[in-house]
There are 2 protein chains.
Amino acid sequence: MEASYRRIVGDIRRRIEAGELRPGDRVPSARAITREWGVAIATATKAHAALREEGLTIARPGVGTVVAGPVPRREHELSRERIIKAAITIADEHGMAELTMRRLAAGLGVATMSLYRHVPGRDELIIGMIDVAIGAVRLPARRPRDWRAGLEIVAREEWAIFQRHPWLGRSMSLTRPQMAPNGVRLSEWVLATFDGTALTMAERMYVQIALLTFVRGLAAAIEFEQEAVRETGLTSDQWLETQETTLAGMIEAGTLTRFEQLTADGFDFDLDQLFEFGLARLLDGLTLFVDARS
Amino acid sequence: MEASYRRIVGDIRRRIEAGELRPGDRVPSARAITREWGVAIATATKAHAALREEGLTIARPGVGTVVAGPVPRREHELSRERIIKAAITIADEHGMAELTMRRLAAGLGVATMSLYRHVPGRDELIIGMIDVAIGAVRLPARRPRDWRAGLEIVAREEWAIFQRHPWLGRSMSLTRPQMAPNGVRLSEWVLATFDGTALTMAERMYVQIALLTFVRGLAAAIEFEQEAVRETGLTSDQWLETQETTLAGMIEAGTLTRFEQLTADGFDFDLDQLFEFGLARLLDGLTLFVDARS
DNA sequence: CGCATTTGCGTACGGTGTACTCGCATGCCT
DNA sequence: AGGCATGCGAGTACACCGTACGCAAATGCG
């Protein structure tokens with residue numbers, strides 16, 4: 001009769017090879033083996049050692065003996081990635097103010113404090129959200145020959161991201177844009193866009209920041225605009241009312257003729273148009289600058 | 001012997017004329033008169049009526065009989081103005097996060113809930129702060145002939161305000177800029193700057209918003225910069241460290257040559273330079289636009 | 001004298017982020 | 001076989017927030 005620990009090793013190996021136990025899963029613990037196979041704990045330890053020897057498993061004190069190999073994505077388990085994704089969903093749909101740790105945990109079906117095993121705190125969570133959001137920017141692998149076209153692509157891409165994530169504009173200033181890994185990737189792409197020009201790296205960076213600043217500044221208005229919509233359009237009335245009482249006194253003083261004319265014409269905010277207008281002006285100005293450098 | 005209520009009226013009138021009781025002060029109440037002059041309450045009421053008849057006082061139910069006339073500034077008393085000013089001071093010095101109603105009240109030496117007699121809530125307080133801050137913008141009465149010069153003045157003035165109040169950039173998008181009375185005043189000035197051009201009011205508004213958006217976007221970075229300084233410079237190190245570990249992996253991949261070169265050159269953020277650069281480019285672009293319209 | 005009204009302010013509530021702690025399961029050492 | 005340090009999940013508790021509510025005192029008035 002073969003040594004009983006060899007039988008245990010064989011059983012477990014079979015389970016691994018059958019895919020019953022996948023990489024990252026916990027093999028039966030020593031205590032569990034004693035119960036399952038009816039052996040002493042020494043035997044169980046010996047089996048563990050043999051498995052480890054074969055490279056099939058690795059032992060992690062405090063957690064268990066785990067099947068070796070690249071850990072596959074495990075959808076149902078809590079992870080930093082999954083938390084961030086859920087947080088982004090909440091922020092997108094209900095606004096940043098609604099993103100609380102409790103609500104986030106409830107949405108994930110876990111206890112509040114469990115989040116803190118994967119994320120240091122709310123601020124760091126937001127930084128992670130920013131990075132993931134920026135990471136969604138898709139830049140064409142083939143860089144356009146024209147720097148202006150490249151810049152326009154980036155700006156439009158950023159604008160799209162800001163629209164998809166209304167909270168992003170106001171949260172981004174929490175951190176230096178470069179801090180997030182995906183921000184660095186974006187920066188590099190923009191810097192490279194100017195490769196055909198005489199601009200120094202510092203100058204390119206200035207250009208990039210000027211552009212991003214404008215887009216981000218405009219994006220900061222998105223959240224408010226959306227919040228206004230969320231609040232049952234009441235804000236629109238309320239705004240009108242406030243404006244009315246506010247303006248009444250000033251118009252009486254007769255010093256607001258142009259502003260009055262503007263509102264009479266039914267001027268309306270359209271963020272997309274504002275974006276297009278500002279982008280065109282900024283790119284025009286940058287063109288003058290780049291041309292002067294060449 | 002004269003009617004005793006006439007004596008009381010005389011006494012009180014003397015106090016008022018002597019400046020002992022100033023406009024807005026409360027004249028002795030009916031109860032107080034009965035105690036002070038030893039008369040019946042009917043007499044006291046009669047005295048009050050006589051004073052009111054003379055136009056010296058006005059009666060305000062629930063508060064008292066008050067000396068008539070324009071109410072002078074009363075430094076030591078709580079007022080919406082004083083609250084807003086104190087709030088701005090706190091936000092300037094310690095950041096918006098430190099601005100709590102409790103702390104604000106403590107700084108003013110009053111109970112927390114006393115604030116709510118003068119301010120509906122924190123949000124409205126912030127709106128008031130924004131308005132006061134914007135109200136500090138000093139525009140020359142004599143408008144420059146050149147629209148570009150005018151725009152530059154406004155932009156620099158706004159930038160100065162944003163620097164003086166680091167919280168302003170992030171808070172302003174809470175509301176439409178026009179909501180605050182002083183914002184309207186500013187808008188009107190900018191609109192008027194283009195009087196010599198062919199721009200429609202809507203176009204002028206677009207120009208203004210584009211400019212303000214850029215300035216505000218850049219201003220959003222001020223708060224973080226200041227916060228970094230506040231946190232004992234640790235953030236600077238921490239940032240470097242994060243950047244190091246972050247970049248290490250990416251540089252290894254060999255895809256960040258330009259960014260690497262930038263940091264090697266010791267590129268440093270200088271918000272003022274960024275402002276100047278962006279402003280110049282934006283104004284250049286706007287010039288092309290305005291010229292094309294003429 | 002009773003009344004409604006104004007004012008100042010204390011208490012309390014429902015919410016937040018998160019520090020702390022406890023129980024449990026683990027691999028390892030003696 | 002038993003004791004150990006370790007890792008993990010989760011519950012409890014704390015400090016703090018904005019502010020609704022209500023009470024007590026003072027007032028002019030009928």
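Note that this is a predicted model, so its numbers are computed, not measured. Each chain gets a letter, A, B and so on, in the order its sequence line appears, and its residues count up from 1.
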Counting distance only, does the side-chain N/O of A:Arg122 pair as donor-acceptor with the main-chain N or O of A:Leu99 below 3.5 Å? yes
Just the rounded figure in Å: distance from C1' of D:dC29 to CD1 of B:Ile41. 10 Å
What is the distance from CG of A:Leu51 to P of C:dG27, rounded to the nearest Å? 11 Å
Check this one for me: any side-chain N or O of A:Arg26 less than 4.0 Å away from OP1 or OP2 of D:dG7? no
All ring pair (Phe, Tyr, Trp, His ring centres under 6.0 Å) counterparts of B:His165, not counting sequence neighbours: B:Trp167
Nearest-Å distance for atom pair CD1/C1', residues B:Ile126 and D:dG18: 11 Å
Is any side-chain heavy atom of B:Glu158 closer than 4.5 Å to one of B:Leu212? yes
note: B:Met101, atom CE; C:dG10, atom C1'; distance rounded to Å ~ 16 Å
Please figure out whether A:Arg102 or B:Ala32 has its closest DNA chain D nucleotide nearer the 5' end. A:Arg102
B:Leu115 atom CG is separated from D:dT19 atom C1', nearest whole Å, by 11 Å
Does C:dA25 have its OP1 or OP2 closer than 4.0 Å to a side-chain nitrogen or oxygen of A:Ser29? no
Length of the CD1-P vector between A:Ile58 and C:dC28, whole Å: 11 Å
Heavy atoms, side chains only, cut-off 4.5 Å: are B:Ser29 and B:Thr65 in contact? no
Under the criterion side chain to side chain contact (heavy atoms under 4.5 Å, CB included), I'd like the reasoning laid out for A:Ile33 against A:His48: C-alpha separation, chi angles, the key distance, then a yes or no. CA-CA 10 Å; A:Ile33 290 179; A:His48 273 173; 3.8 Å; yes
CD1 of A:Ile33 versus P of D:dA1: gap in Å, rounded? 15 Å
Is B:Arg103 touching bases, backbone alone, or none of the nucleic acid, heavy atoms closer than 4.0 Å? nothing
Is A:Arg31 side chain donor-acceptor paired with the C:dG27 base, going by distance under 3.5 Å alone? yes
Give me, pair by pair, the N or O atoms of the protein and of nucleotides 6-9 of chain C that are less than 3.5 Å apart, along with how far apart they are.
{"from": "C:dT6", "atom 1": "O2", "to": "B:Gly62", "atom 2": "O", "distance (Å)": "3.4"}
{"from": "C:dG8", "atom 1": "N7", "to": "B:Arg117", "atom 2": "NE", "distance (Å)": "3.1"}
{"from": "C:dG8", "atom 1": "N7", "to": "B:Arg117", "atom 2": "NH2", "distance (Å)": "2.8"}
{"from": "C:dG8", "atom 1": "O6", "to": "B:Arg117", "atom 2": "NH2", "distance (Å)": "3.0"}
{"from": "C:dC9", "atom 1": "OP2", "to": "B:Ser114", "atom 2": "OG", "distance (Å)": "2.7"}
{"from": "C:dC9", "atom 1": "N4", "to": "B:Arg117", "atom 2": "NH2", "distance (Å)": "3.2"}

Toward the 5' end of DNA chain D, which comes first, B:Pro120 or B:His48, by nearest nucleotide? B:Pro120
side-chain hydrogen bond (donor to acceptor under 3.5 Å, both in side chains) partners for A:Arg117, two or more places apart: none
What is the distance from CG of B:Asp25 to C1' of D:dT27, rounded to the nearest Å? 16 Å
Non-hydrogen side-chain atoms of B:Ile12 and B:Leu51 separated by less than 4.5 Å: yes
